[in-house]
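Here's the structure, in structure tokens; my notes come after.
Each chain gets a letter, A, B and so on, in the order its sequence line appears, and its residues count up from 1.
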2 protein chains.
Amino acid sequence: MPRLRLPRPPANGAREVPSVETIDSSYLETLLGYNARRAALSVIEVFLEAMAPYKLRPVDFSVLSLVAHNPGITSRQLCSALGILPPNLVGMLNALEKRELVSRLPHPRDGRAMGLHLTPGGEKLVRDAEKTASELEAGVAGRLSPAELKTLIKLLKKIYQPD
Amino acid sequence: MPRLRLPRPPANGAREVPSVETIDSSYLETLLGYNARRAALSVIEVFLEAMAPYKLRPVDFSVLSLVAHNPGITSRQLCSALGILPPNLVGMLNALEKRELVSRLPHPRDGRAMGLHLTPGGEKLVRDAEKTASELEAGVAGRLSPAELKTLIKLLKKIYQPD
DNA sequence: TATTGTTATACTCTATAACTATA
DNA sequence: TATAGTTATAGAGTATAACAATA
């Protein structure tokens, strides 16, 4: 019977209320969801700091980048591409429009919709922010080799893009 | 991703306000953070459904599982292991205690702390829930081979566990 | 003086119902 | 009738400050 390595072992033979020295997370670490969430939070934390100078949250960055690469994209299309709900996009777009980064133009062939476009200032901000984001990717190479990073992204895509 | 077919754009050479047919997300898909978040959300969505019969959210599952594998663990230790803040754990523990899944016992060697333990009902629930969770892992094998899953988890750990 | 658990509270994120104008 | 954008609002998740009891 192994002796317990506690600061003050119980003096009697009664059952003892246990306490924990080192936390055992080994079971949770076998689960994909646990690891994916922890990793996502970790990466997003770094991303948040890097985007602070541009005053962009991850979702703002995603919106601006999609508008940059898809000029004329509609709110609805943005929502379905990013998994956000229409009511929650309105405020973001209002803020980005107030900062004169995006503008809402009438859609050429659908009177209900608005096409989204970057202003010149928006174009420049996105260029700079995307440059910073891509440098951040390279910086991950301190932990992961380029090959590992490529593999990781490929496997992540397999998870959320069932093809 | 819905692919809405809009009326054909006018074929003139004049300056035209563009619209978007197919959304180009290729730049965002080069970023680790974007892929990690999408994958985490996708996995957690499935996990949520699987845990619904047990009335456990992912965080409840994590808490119960850690208590199961670390009987006597304190609130503070749970918080640091799971990255949650003490004030936000209180309500969860109250709810789990009310459901008679966990009990707070006085800590054997620290009068300020409470040691957390599972009730017999909690033990059974965790056993069943962990079984379901592990079966879910195997189910991912429909998209990923066991080797790919192992690689993915290894790389995710490298991201959030800098060693 | 520092730490554990706790309360109160605020802020962000996400979700639902309903309205308007156009299709 | 259905869809795009919007408003209002509710709920969940996450954050900080401060307090009592104990170390």
Side-chain angles (χ1 to χ4, degrees), chain A residues 7-8 19-20 23 37-38 40-42 44-45 48 51-52 55-63 67 72-98 102-117, chain B residues 2-8 19-20 23 37-38 40-42 44-45 48 51-52 55-63 67 72-98 102-116:
Chain A
R8 205 193 311 160
S19 63
V20 175
I23 301 164
R37 180 165 183 276
R38 301 285 298 206
L41 289 177
S42 170
I44 287 169
E45 187 184 346
L48 248 151
M51 288 300 138
K55 301 206 192 307
L56 295 180
R57 297 164 303 162
V59 65
D60 298 315
F61 176 88
S62 301
V63 165
V67 174
I73 191 173
T74 68
S75 293
R76 182 63 58 163
Q77 288 175 314
L78 266 182
C79 284
S80 78
L82 293 177
I84 39 188
L85 293 167
N88 300 327
L89 182 63
V90 177
M92 302 180 205
L93 289 179
N94 286 342
L96 294 174
E97 206 172 28
K98 195 164 197 174
V102 307
S103 57
R104 287 184 248 222
L105 270 61
H107 192 280
R109 291 182 311 288
D110 188 336
R112 299 167 300 180
M114 304 291 284
L116 298 169
H117 301 264
Chain B
R3 219 156 286 177
L4 197 75
R5 196 65 167 100
L6 288 172
R8 179 179 253 288
S19 62
V20 175
I23 301 163
R37 181 165 180 276
R38 301 284 298 206
L41 288 177
S42 170
I44 287 168
E45 187 185 345
L48 248 151
M51 288 300 138
K55 300 204 192 308
L56 294 179
R57 297 165 303 163
V59 65
D60 298 316
F61 176 87
S62 301
V63 165
V67 174
I73 191 173
T74 68
S75 294
R76 182 63 60 162
Q77 288 175 313
L78 266 183
C79 284
S80 77
L82 293 177
I84 39 188
L85 293 167
N88 300 327
L89 182 63
V90 177
M92 303 179 205
L93 289 180
N94 286 342
L96 294 174
E97 206 172 28
K98 196 164 196 174
V102 307
S103 56
R104 288 184 248 221
L105 270 60
H107 192 281
R109 289 183 313 289
D110 188 336
R112 300 167 301 181
M114 303 290 284
L116 298 169

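A straight line from CZ of A:Arg76 to C1' of D:dG5 spans 8 Å, rounded to a whole angstrom. The nearest whole Å value for the distance from the CG atom in B:Leu105 to the C1' atom in C:dG5 is 16 Å. Rounded to an integer number of Å, the gap from NE2 of B:His107 to C1' of C:dT4 is 11 Å. In this structure, the CE atom of B:Met92 is 14 Å from the P atom of C:dG5, given to the nearest Å. In this structure, A:Glu97 atom CD and D:dG5 atom P are separated by 13 Å, rounded to whole Å. Taking atom CG of A:Leu41 as the reference point, atom P of D:dG13 lies 14 Å away to the nearest angstrom. Going from atom CG of A:Asp60 over to atom C1' of C:dC13 covers 13 Å, rounded to whole Å. Atom-to-atom, CZ of B:Arg37 to C1' of C:dT14 comes out at 10 Å; the value is rounded to the nearest Å.
Legend: residues meeting salt bridge (Lys or Arg N to Asp or Glu O under 4.0 Å) with A:Glu97, ordered by chain and number and at least two apart, are A:Arg104. Checked against side-chain hydrogen bond (donor to acceptor under 3.5 Å, both in side chains), B:Ser42 has no partners two or more places apart in sequence or in another chain. Under the side chain to side chain contact (heavy atoms under 4.5 Å, CB included) criterion, B:Pro86 pairs with B:Arg76, B:Cys79, not counting sequence neighbours. Every side chain to side chain contact (heavy atoms under 4.5 Å, CB included) that B:Arg112 has, sequence neighbours left out, goes to B:Asp110. By the side chain to side chain contact (heavy atoms under 4.5 Å, CB included) test, A:Leu41 is found to be paired with A:Arg37, residues two or more places apart in sequence or in another chain being considered.
Distances were taken from every side-chain heavy atom of B:Thr74 (C-beta onward) to each of D:dT14, C:dT14, C:dG5; the shortest belongs to C:dG5.
Between the side chain of B:Gln77 and the backbone N or O of A:Val20, at least one donor-acceptor pair lies under 3.5 Å.
Residue order along DNA chain D, read from the 5' end via each residue's closest nucleotide, puts A:Arg104 first among A:Arg104 and B:Val59. The nearest heavy atom of DNA chain C to B:Met114 and to A:Arg57 marks one nucleotide each, and the one closer to the 5' end goes with B:Met114.
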Reading nucleotides 15-23 of chain C 5' to 3', which nucleotides get B (base under 4.0 Å from a protein heavy atom), which S (sugar-phosphate only), which -? BBB----BS
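Heavy-atom minimum distance, A:Leu116 versus A:Ser75: CD1-N, 4.1 Å.
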